[in-house]
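Below is one structure; the comments refer to it alone.
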Amino acid sequence: MGWWFKLVLWQRVLGALLLGVAVGLAFRSFGGTVVVDGVTHYPGAEFVTIWIKPFGTAFVQLIKMLVVPLVFTTLVTGITSMGHPSKLGTIGVRAFLLYVFTTLVAVSIGLFFGSIFKPGSGVDFTDVAPNVLAGKAPSMTERLINIIPANPVHALANGDMLAIIFFALLLGVAILMVGKKAKPVEDFFKASVEIMFKITHWVMEVAPYGVFALITWVTATKGVETFSSVLMLALALYLGCITHMLVMYGGLIKFVLRLPLIRFFRGILDAQVVAYSTSTSAGTLPVTIACVQDNLGIKPVVAGSVLPLGATINMDGTSLYLGLLALFAANAFGLDVTMADYALIAMTATLASIGTASIPSASLFMLAIVLPVIGVSPEQIALMVGFILPFDRPLDMMRTMTNVTGDAAVATAVAKWEGELDEEVYRTVAKV
Ligand code: ASP
């Protein structure tokens, strides 16, 4: 076993992912099948769900446990270590503009691949049970008002990210303004960050096992045939997301920031694999923050502010998917899509992705916002959700990975522009 621990973390995490696919497929095929009331069951997959998946769930709980304390303490310390809050405005504006820009590019790539692969053509909805997910998404005004926490403790307890960012910003700035008297509080937060990072690094050590359990479970329960029912959609999504990561983020890192690209992808690989296996970008946040600080040299003020904001509002994989699903609906229900419709889809998908929660399958809640613009009725939306939900997990994995990669790319850009990037760390081979 010594060789296993000699590997650096990202190699162990990647190895666990590949092993999980192989073991999951083995359980599915060697466990045989049982048909009960016309429904095919896979005993091998059921074994995995009972005996292996809980290890994955435990890992997800472990990283989720760190999200709130890590984000809160990192952001407060990031601001106090800046010495002056003047930079906050430019960090926020730059991050926000870049988030919106990359999201628009993503949805355009989604529409491009959607018009090539034509997902949804010839789909048969006769046996599909409608599923209404609409109504759970809060309105824009509500979301904006809720950025101000009526009760900060409540916001922390609920993991309400934007409200936590808001309060942490005020707290950090106030500590700076109060000055000498607030020094003990400043030191307290500094020490807390160190402590939270210590725990984060422990949790990351178990990432390979968590990733293995989750991937084994997904492959055993879904198998590869999952993809065949939504083949064109899956192909368009995977190719679209890969293109977006290479062209948009790759172009930004290499040509705009003039930084080595391989280092970027190598540096955030742990976060990408964790995002891929857990399907939640908010849950992955502690790993993303640790990766960009340890491996890319992004300073806490940017990592602690841009990444939590990104995990909440920047979802390029999601907007790309929403664009694809709009074309899926148009093809499945025989609707005409004009040039103006494309523009409308791009705008609503961008807005909807900003409002999407960073949890598994959250995109599907947003169909109620995007699809009506091209004339899809609520009944048709319910049918589509019912059709896609069972296949959504492998698609969700890819878009979550894209979402997290986008957050890290924007954080790198903002850090570089603000002089908050330690290029020596960035250019050194990742330690973990
Ligand atoms: N699962 C995605 C995320 O957490 C959101 C989605 O597209 O469903 O980033």
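All values derive from a computational prediction rather than experimental measurement. For ligands, and for the atoms within them, numbers begin at 1 and follow the listed sequence.
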Quick one: nearest non-hydrogen protein atom to atom 6 (C) of ligand 1, plus distance? S363 OG, 3.1 Å
Atoms in ligand 1 with a heavy atom of T318 nearer than 4.0 Å: 5 (C), 6 (C), 7 (O)
In terms of atom number and element, which parts of ligand 1 are under 4.0 angstrom from non-hydrogen atoms of I359? 1 (N), 2 (C), 4 (O), 5 (C), 8 (O)
Distance-only N or O hit between ligand 1 and A362, under 3.5 Å: yes
Nearest 0.5 Å please: distance from the OG atom of S305 over to the NZ atom of K87. 11.0 Å
Can an N or O of R399 be found at a distance shorter than 3.5 Å from an N or O of ligand 1? yes
Is there a polar contact, in the sense of an N or O pair closer than 3.5 Å, between A357 and ligand 1? no
For the residue pair Y276 and Y238, does the interplanar ring angle fall in the parallel (under 30°), tilted (30 to 60°) or perpendicular (over 60°) class? perpendicular
Residues D392 and Y321: side-chain donor-acceptor under 3.5 angstrom: yes
In the protein, what heavy atom is nearest to atom 4 (O) of ligand 1, and what distance, to one decimal place, separates them? S281 N, 2.9 Å
Within this structure, what is the CG-CD1 distance for the pair L70 and I199, rounded to the nearest 0.5 Å? 9.5 Å
Can you classify the ring geometry of W4 versus Y209 as parallel (below 30°), tilted (30 to 60°) or perpendicular (above 60°)? tilted
Flag, side chain of N151 to backbone of V153, donor-acceptor distance under 3.5 Å: yes
Ligand 1 to T400, heavy atom cutoff 4.0 Å, flagged ligand atoms 1 (N), 2 (C), 3 (C), 4 (O), 9 (O)
How does S361 reach ligand 1, if at all, at less than 4.0 Å between non-hydrogen atoms: by side chain, backbone, both, or neither? backbone
Counting both backbone and side chain atoms, is some N or O of T280 under 3.5 Å from an N or O of ligand 1? no
Using the six-membered ring wherever Trp is involved, compare the ring planes of F387 and F391 and label them parallel, tilted or perpendicular (cut-offs 30° and 60°). perpendicular
Is the side chain of R28 donor-acceptor paired with the backbone N or O of T221 at a distance under 3.5 Å, no angle test? yes
Using a strict 4.0 Å cut-off to heavy atoms of D396, name the atoms of ligand 1 that fall inside it. 1 (N), 2 (C), 6 (C), 8 (O)
Contact region, V404 to ligand 1, non-hydrogen atoms below 4.0 Å, reads neither
